[in-house]
2 protein chains.
Amino acid sequence: MVDLNSNIDTIPLREEDLRQGIELLFYAYRDFTSEPDTILNKYDLGRAHHRVIYFVGRNPGITVTELLEILRITKQSLSRVLSHLLETNFINQRADLADRRRKQLTLSDKGKVLEHELTSTQMDRFARAYREAGAEAVEGFRRVLIGIVEPEDRANVRPAAIRAQNRR
Amino acid sequence: MVDLNSNIDTIPLREEDLRQGIELLFYAYRDFTSEPDTILNKYDLGRAHHRVIYFVGRNPGITVTELLEILRITKQSLSRVLSHLLETNFINQRADLADRRRKQLTLSDKGKVLEHELTSTQMDRFARAYREAGAEAVEGFRRVLIGIVEPEDRANVRPAAIRAQNRR
DNA sequence: ATAATTAAGTCAATATGGTTGACCTTAATT
DNA sequence: AATTAAGGTCAACCATATTGACTTAATTAT
């Protein structure tokens, strides 16, 4: 390699590139939540309900404490949203037989239908973006975003098969 | 190429990969806003103030209408936040000489200092992630996230030099 | 067996940031 | 002169978050 500056490790990262990253994350997040928000409106639900439905669907049997760790909100805040989803039968709970203090949350059939309706809009968006960008770009996208996530939480965004192994 | 399925365009995108994208965006956004939130707290400001400070800093002379298009919130909602930033002298406004209804917003010196304090935590996070992932990954990250953003807004996340040309 | 801890839930007060709707002023455009 | 556009304001309301205090039930540790 003749031009040492072509190595990303040696050239200083330009502020412009870093700001572009910040803005990409802002715009992507803004647009990625807008379609689900419209759907949620029909059901008189909000974005907070979506997050709960998503992560319960993704982690069947998850407990309240585990959910709180993912969402990083307070128990009281989750309570309103979760209570409503239980009352309206989008989510079911049953006691953990090994530790009856714990309540395992799962999506009801109705909940699964809604989860799919919400998530499929986001998956469609990702499918299109992945296809247009190509497999290599997708791998880069993953590597960068995993680097943005706090190290303690990186294990949560590994493929589900690997996560299942680490489940207590 | 022997195995046609190794082409991303031919293999169906697995749901697992799409969900990983969704989750990466959720966790990355969550963590990427947490440090600024802590700083904002010291100044009795919130995340909404940060967004205004960021985009005014990034687009000196931006008008209210332009800001609303970026943030996608209502005028009334912006009003409270912006009024407060004007009162506390983080932001200055002056009439556009060509169209005196328009008010051009800029950061004051005090505003620039705060903008830097807030944004530098996010730039540090991106710098580390970019460096760890490498230049190729960064390019992939960009390509995918631009694909997630609505087409109309993709021009906003092009390098500033290019955006400046397109400015009326 | 008792004490301490953990998981879940509840009540209350408060803050932030978003909405809709009605209305006004000023300035530019037709 | 009439219309439109940019900006601003008042009011009511709603969703989602917070802190803090407290309870109940079940498990774990002493």
Side-chain angles (χ1 to χ4, degrees), chain A residues 26 29-30 33-34 36-56 61-88 91-105 168, chain B residues 26 29-30 33-34 36-56 61-88 91-105 168:
Chain A
F26 168 77
Y29 196 82
R30 185 198 65 176
T33 50
S34 80
D37 283 353
T38 304
I39 295 167
L40 288 157
N41 227 302
K42 295 191 304 184
Y43 295 91
D44 276 300
L45 298 174
R47 199 179 289 185
H49 300 92
H50 185 192
R51 292 195 282 254
V52 171
I53 287 170
Y54 182 86
F55 285 107
V56 169
I62 194 173
T63 65
V64 170
T65 303
E66 289 168 338
L67 204 44
L68 290 174
E69 280 162 12
I70 291 174
L71 301 175
R72 296 268 175 87
I73 57 174
T74 58
K75 191 174 40 164
Q76 295 92 322
S77 193
L78 175 58
S79 169
R80 246 175 318 120
V81 173
L82 182 55
S83 302
H84 184 235
L85 291 173
L86 289 165
E87 278 163 21
T88 50
I91 288 184
N92 295 325
Q93 58 180 3
R94 63 169 193 278
D96 179 337
L97 297 181
D99 181 344
R100 292 191 349 272
R101 290 171 306 179
R102 294 184 174 210
K103 292 182 183 165
Q104 302 179 317
L105 305 170
R168 113 223 58 84
Chain B
F26 169 77
Y29 195 82
R30 185 198 66 177
T33 50
S34 80
D37 282 354
T38 304
I39 294 167
L40 289 157
N41 227 303
K42 293 191 306 186
Y43 295 91
D44 278 298
L45 299 174
R47 198 178 288 184
H49 301 91
H50 185 192
R51 292 197 280 254
V52 172
I53 287 170
Y54 182 86
F55 285 106
V56 170
I62 194 173
T63 65
V64 170
T65 302
E66 289 169 337
L67 204 42
L68 289 175
E69 279 162 14
I70 291 174
L71 301 175
R72 298 266 175 86
I73 56 174
T74 59
K75 190 174 43 163
Q76 295 90 326
S77 193
L78 174 58
S79 169
R80 246 176 313 125
V81 173
L82 181 56
S83 303
H84 184 234
L85 292 172
L86 290 166
E87 279 163 21
T88 50
I91 288 184
N92 295 325
Q93 58 179 2
R94 63 170 193 278
D96 179 338
L97 298 181
D99 181 343
R100 293 193 347 273
R101 290 172 306 179
R102 295 187 173 205
K103 293 183 183 164
Q104 300 179 319
L105 305 170
R168 114 222 62 81

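Order of the sequence lines sets the chain letters (A, B, ...), proteins ahead of strands, with each chain counted from 1.
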Problem - Exam field: side chain B:R30 to backbone A:I70, donor-acceptor pair closer than 3.5 Å - result: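 Checked: pair present.
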
Exercise for the section: Ignoring hydrogens and angles, tell me if any N or O in the side chain of A:S79 forms a donor-acceptor pair with the backbone of A:K75 under 3.5 Å. Expected result: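 Such a contact is absent between A:S79 side chain and A:K75 backbone.
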
Exercise for the section: Would you indicate what A:Q104 reaches in the nucleic acid, counting non-hydrogen atoms under 4.0 angstrom: base, sugar-phosphate, or nothing? Expected result: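 The residue A:Q104 makes no contact with any strand.
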
Practice task
Check every strand shown and say whether B:H84 touches a base, only sugar-phosphate, or nothing at a heavy-atom separation below 4.0 Å.
Solution key: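 The answer is nothing, as B:H84 stays clear of every strand by at least 4.0 Å.
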
Can you tell me the distance, in whole Å, between the [atom1] atom of [X] and the [atom2] atom of [N]?
{"X": "B:L82", "N": "C:dG18", "atom1": "CG", "atom2": "P", "value": "13 Å"}
{"X": "A:D96", "N": "D:dA25", "atom1": "CG", "atom2": "P", "value": "19 Å"}
{"X": "B:L71", "N": "C:dT19", "atom1": "CG", "atom2": "C1'", "value": "15 Å"}
{"X": "A:L40", "N": "C:dG18", "atom1": "CG", "atom2": "C1'", "value": "15 Å"}
{"X": "A:N41", "N": "D:dT16", "atom1": "CG", "atom2": "C1'", "value": "15 Å"}
{"X": "A:L45", "N": "C:dT19", "atom1": "CG", "atom2": "C1'", "value": "17 Å"}
{"X": "A:L78", "N": "C:dT10", "atom1": "CG", "atom2": "P", "value": "12 Å"}
{"X": "A:E66", "N": "C:dT6", "atom1": "CD", "atom2": "C1'", "value": "14 Å"}

Exercise for the section: Starting at CD1 of B:I62, measure out to CG of B:L67 and round the result to the nearest 0.5 Å. Expected result: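 The CD1 atom of B:I62 sits 4.5 Å away from the CG atom of B:L67.
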
Problem - CG on A:D99 to CD on A:Q104, rounded to 0.5 Å - result: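 The distance works out to 9.5 Å.
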
Verify the contact: side-chain N or O of [X] to OP1 or OP2 of [N], cut-off strictly under 4.0 Å; return yes or no.
{"X": "B:H49", "N": "C:dT16", "answer": "no"}
{"X": "B:T74", "N": "C:dG18", "answer": "no"}
{"X": "B:R102", "N": "C:dA27", "answer": "no"}
{"X": "B:R100", "N": "D:dA5", "answer": "no"}
{"X": "B:Q93", "N": "D:dG8", "answer": "yes"}

Practice task
Between A:A98 and A:S77, name the one whose nearest nucleotide on DNA chain D is closer to the 5' end.
Solution key: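 Closer to the 5' end of DNA chain D: A:S77.
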
Problem - Which residue lies more 5' along DNA chain D, comparing A:R101 with B:T65 via nearest heavy atoms - result: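 Its nearest nucleotide being more 5', the pick is B:T65.
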
Quick one: does [X] reach the base of [N] with a side-chain donor-acceptor pair under 3.5 Å?
{"X": "B:Q76", "N": "C:dG21", "result": "yes"}
{"X": "A:K75", "N": "C:dG9", "result": "yes"}
{"X": "A:R80", "N": "D:dA17", "result": "yes"}

Handout entry: Near-ring test A:F26/B:F55, centroid separation under 6.0 angstrom
Key =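 For B:F55 and A:F26, the ring centres are under 6.0 Å apart.
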
Exercise for the section: Go ahead and name the base partner of D:dC14; Watson-Crick or wobble counts if both distances stay under 3.5 Å, otherwise write none. Expected result: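 Its partner is C:dG17.
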
Problem - Options D:dA17, C:dA28, C:dT10, nucleotide nearest the side-chain atoms of A:I73 - result: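 The listed nucleotide nearest to A:I73's side chain is D:dA17.
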
Handout entry: Proximity to the side chain of B:R47 - top-ranked nucleotide from C:dA8, C:dG17, D:dT9
Key =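 It is C:dG17.
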
Practice task
Would you please classify the geometry between the B:H49 ring and the B:H84 ring as parallel, tilted or perpendicular, with 30° and 60° separating the classes?
Solution key: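 It falls in the perpendicular class, over 60°.
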
